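Here is the structure we will look at, set down as structure tokens.
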Amino acid sequence: MLQKAYPLIGRTLIAPHTHSFSIDCPDMAALARPGQFVHVRLPGFLLRRPISVCQITQDGLRIVVEERGAGTEEMARLGSGDLIDLLGPLGNGFLTEAPHRRAVLVGGGIGTPPLLPLAEHYHKAEVFLGFRSADRAILTEDFEAAGATVTLATEDGSAGHHGYVTEPLEQHLARHGADVLYACGPEPMLKAVQALAAKYHVTAYLSLEARMACGVGACLGCAVPILTAEGVVYRHVCKDGPVFPAEEVVL
Amino acid sequence: MKVDMRVNIAGVTFKNPVITASGCYGFGGDYTDFYPLSRLGGVCLKGTTLEPRQGNPPPRIAETPMGMLNSVGLQNPGGHAFVTEELPRLTGCGTVLIANAAGSSIESYVGLVELLEGTAIDMIELNISCPNVKEGGMAFGATCEGAARVVRAVRGRTTKPLMVKLSPNVTDIVSIAKACEAEGADAISLINTLLGMRIDIKTRRPVLNQVMGGLSGPAVFPVALRMVWQVAGAVSVPVVGLGGIEKWQDAVEMMMAGAAAVQVGTASFYDVYAPVRIIEGMEAYLEREGFGAASQLTGIARK
Ligand SMILES: Cc1cc2nc3c(=O)[nH]c(=O)nc-3n(C[C@H](O)[C@H](O)[C@H](O)COP(=O)(O)OP(=O)(O)OC[C@H]3O[C@@H](n4cnc5c(N)ncnc54)[C@H](O)[C@@H]3O)c2cc1C
Ligand SMILES: Cc1cc2nc3c(=O)[nH]c(=O)nc-3n(C[C@H](O)[C@H](O)[C@H](O)COP(=O)(O)O)c2cc1C
Ligand code: FES
């Protein structure tokens, strides 16, 4: 874990209110694993904002941020050359299997970015991405460039499948099955994915969100209910997660 | 000349006056990537109860201007796991270890402090001020009689130095501090969090599942400072000041108001190095200003 202010190399608008940032942080990138996150300090805000690692290179990290409130709006004002104060990498990231295994990745909206490193890990990942509309779709080319097959769904039908991403996902699982599945996105989507993984007997992992203070396990703020041998207990997204086995998640 | 940063509270020597606050530092293991625990004057460990507690349902965190609310609700593994699993990890850590003892009844406070006898714990901070639990906690800290009852019961059952942590959610904190002193408290720490709330105007619901939570961070500093000033002027036992301290200037102010030492909580959430920066900044200040010892700051503004 490191805490430092790093130079931003660039910010690109990749969809309305959605920005991709490249950060010059080779030391933090050397520690980072897929599924982990960084905790971003912004001027004028007390609490840091948790943001997933979207790409890990030798030179640094890429993160993708959607403006959701005052903090992420402030982040959107940062530009090339500005410093960004990061604490990370945090969390455990995804458990991965051998690259030739048949992996399915399911992303909903701004839940998509953390899945990209998995598409780079697995040789031929099947990726299912859901967005509100065509103009909101992000990272589809990045997934394809990583060798994945992308199936797109939009709620308004402006691109790909008209409806929820879990519909083409179910067709795929019914026809081909999968060895392992990873999902990140809004809660209703995670709930549907959890049910599908159980129905088709696929090992699945869900990446969860929670409001955070410390990000390192010290404050116990980011509790989520998790099913264990001792019944349902609170675990912490920052330290025990953000990724949990799907069958243990209580949604 | 090198400044003597040591302070003595209830017979315990702290290598410097900066202690991490309970509930903001886990059981001491979460920040060791950044600096060793031995840099700190002391560590107040996460609030512990005799029996394990699940804590409150999420959301437990809300942001506020210059502060935050929490409604963690004393989630902890219970006294037995604290002693057998958490404390052994801290052996030889080179700092003063303070257990933050909470309870829902007199018996549960007493049971817990009895478990702590004979352990490596250097001091007990009696938490009669947690605003996030339904029974006990702040209920004891809200009246002189309640505070006196717990302190009396616990005092008789522990040989460890006893510090009592007070709630700011009271009308007369001075009389509560005096009641604790009269029952044998060796030190007083204050303040715990101030009760507050927020509503999300998008969902039209309170942000916190429990509706209300404890306010901490820089927003509470002036309130904490005022209460430390009042209490330090009324009791003769040492006072440990906390609430919103984020930089060395705040710590110096708190000591000038009468605190023998300070605790740092929320600041670590946004700057993991905050406690260390405060120690270094205070030391440089004392040297610059020609102080021989950190303890000379205590109460200097009252003279
Ligand atoms: C592990 C993890 C990874 C994430 N990865 C990304 C990502 O890659 N890209 C991205 O755009 N967003 C991501 N998020 C969500 C992002 O953290 C929130 O959108 C952001 O904190 C909102 O801050 P705000 O000030 O704009 O909103 P406000 O609503 O003003 O924030 C108020 C407070 O609530 C917290 N908060 C609000 N919404 C969320 C949320 N959904 N999750 C956690 N805390 C929240 C804020 O951190 C802040 O403390 C992630 C969240 C988590 C927990
Ligand atoms: C997330 C969180 C958890 C806390 N848990 C405890 C606790 O278990 N016991 C306790 O005595 N105080 C607890 N506190 C209160 C702090 O120790 C401290 O009194 C308060 O936060 C004010 O100091 P600060 O502004 O420096 O954080 C907690 C505070 C926070 C923010
Ligand atoms: S955010 Fe503090 S424990 Fe997870």
Side-chain angles (χ1 to χ4, degrees), chain A residues 1-5 27-28 31 38-50 68-72 74 85-91 187 208-226 228 230-241 249-251, chain B residues 20-35 43 45-47 52-77 132 200-202 207-209 213 216-219 244 246 265-274:
Chain A
M1 266 183 248
L2 298 167
Q3 179 193 287
K4 265 191 204 175
D27 52 353
M28 192 176 283
L31 301 173
V38 293
H39 220 13
V40 184
R41 187 176 181 186
L42 296 160
F45 294 85
L46 188 94
L47 295 178
R48 291 173 177 270
R49 269 42 180 180
R68 285 287 190 86
T72 44
E74 178 65 29
D85 182 336
L86 303 184
L87 171 63
L90 304 178
E187 209 171 293
L208 305 183
E209 290 189 349
R211 284 171 183 255
M212 292 187 181
C214 71
V216 299
C219 76
L220 309 185
C222 59
V224 285
I226 295 292
T228 67
E230 297 98 63
V232 175
V233 301
Y234 288 123
R235 292 271 188 261
H236 298 93
V237 169
C238 72
K239 197 180 183 181
D240 308 315
V249 174
V250 183
L251 289 166
Chain B
T20 52
S22 180
C24 304
Y25 212 74
F27 289 118
D30 299 312
Y31 288 102
T32 47
D33 272 15
F34 302 102
Y35 57 86
V43 174
L45 301 166
K46 173 64 192 167
R53 281 182 61 94
Q54 280 266 38
N56 290 325
R60 294 178 174 183
I61 300 286
E63 197 177 41
T64 68
M66 297 294 279
M68 61 172 279
L69 297 167
N70 88 83
S71 60
V72 170
L74 286 178
Q75 176 174 1
N76 79 90
N132 292 319
D200 182 337
I201 62 166
K202 281 185 223 145
V207 174
L208 297 175
N209 172 288
S216 64
E246 63 169 2
T266 302
S268 288
F269 300 160
Y270 49 95
D271 177 10
V272 296
Y273 295 108

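Owing to the predicted nature of the structure, the values given are computational and were not obtained by experimental measurement. So you know, we letter chains A, B, ... as the sequences are listed, proteins then strands, and number each from 1.
- There is no contact between B:Pro65 and chain A, counting heavy-atom distances below 4.5 Å.
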- Task: Using the side-chain contact (heavy atoms from CB on, under 4.5 Å) rule, take A:Met1 and B:Val272 through it: C-alpha gap first, then chi angles, then the decisive distance, then the call.
- Result: CA-CA 11 Å; A:Met1 266 183 248; B:Val272 296; over 6 Å; no
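- Rounding to the nearest 0.5 angstrom, the gap separating the CD atom in B:Gln75 from the NE2 atom in A:His236 is 4.0 Å.
- Between A:Arg211 and B:Pro59, the shortest heavy-atom contact is CD-CB, 4.1 Å.
- The contact between B:Tyr270 and chain A is made by backbone and side chain atoms together, counting heavy-atom distances below 4.5 Å.
- A 4.5 Å side-chain heavy-atom check between A:Leu46 and B:Thr266 finds at least one atom pair inside the cut-off.
- At a threshold of 4.5 Å between non-hydrogen side-chain atoms, the residues B:Val72 and A:Tyr234 do not count as touching.
- With a threshold of 4.5 angstrom between heavy atoms, A:Ala213 approaches chain B through its backbone and through its side chain.
- Chosen from A:Pro225, A:Ala223, A:Gly71, the residue pairing most often with chain B at heavy-atom distances under 4.5 Å is A:Ala223.
- The candidate with the highest count of non-hydrogen atom pairs below 4.5 Å against chain A, out of B:Ala62, B:Gly67, B:Gly55, is B:Gly67.
- With a 4.5 Å cut-off on non-hydrogen atoms, A:Arg49 touches chain B through its side chain but not through its backbone.
- Nearest heavy atom pair, residue B:Arg60 against residue A:Leu220, reads NH1-O, 2.7 Å.
- In this structure, chain A has a heavy atom under 4.5 Å from the side chain of B:Tyr31, while its backbone stays farther away.
- Proximity to chain A involves both the backbone and the side chain of B:Met68, based on heavy atoms less than 4.5 angstrom apart.
- Contact of the B:Phe269 side chain with the A:Arg48 side chain is not registered, since no non-hydrogen atoms from C-beta on lie closer than 4.5 Å.
- In this structure, B:Asp30 and A:Lys239 have side chains that are in contact, with non-hydrogen atoms separated by less than 4.5 Å.
- Contact of the B:Asp271 side chain with the A:Gln3 side chain is registered, since non-hydrogen atoms from C-beta on lie closer than 4.5 Å.
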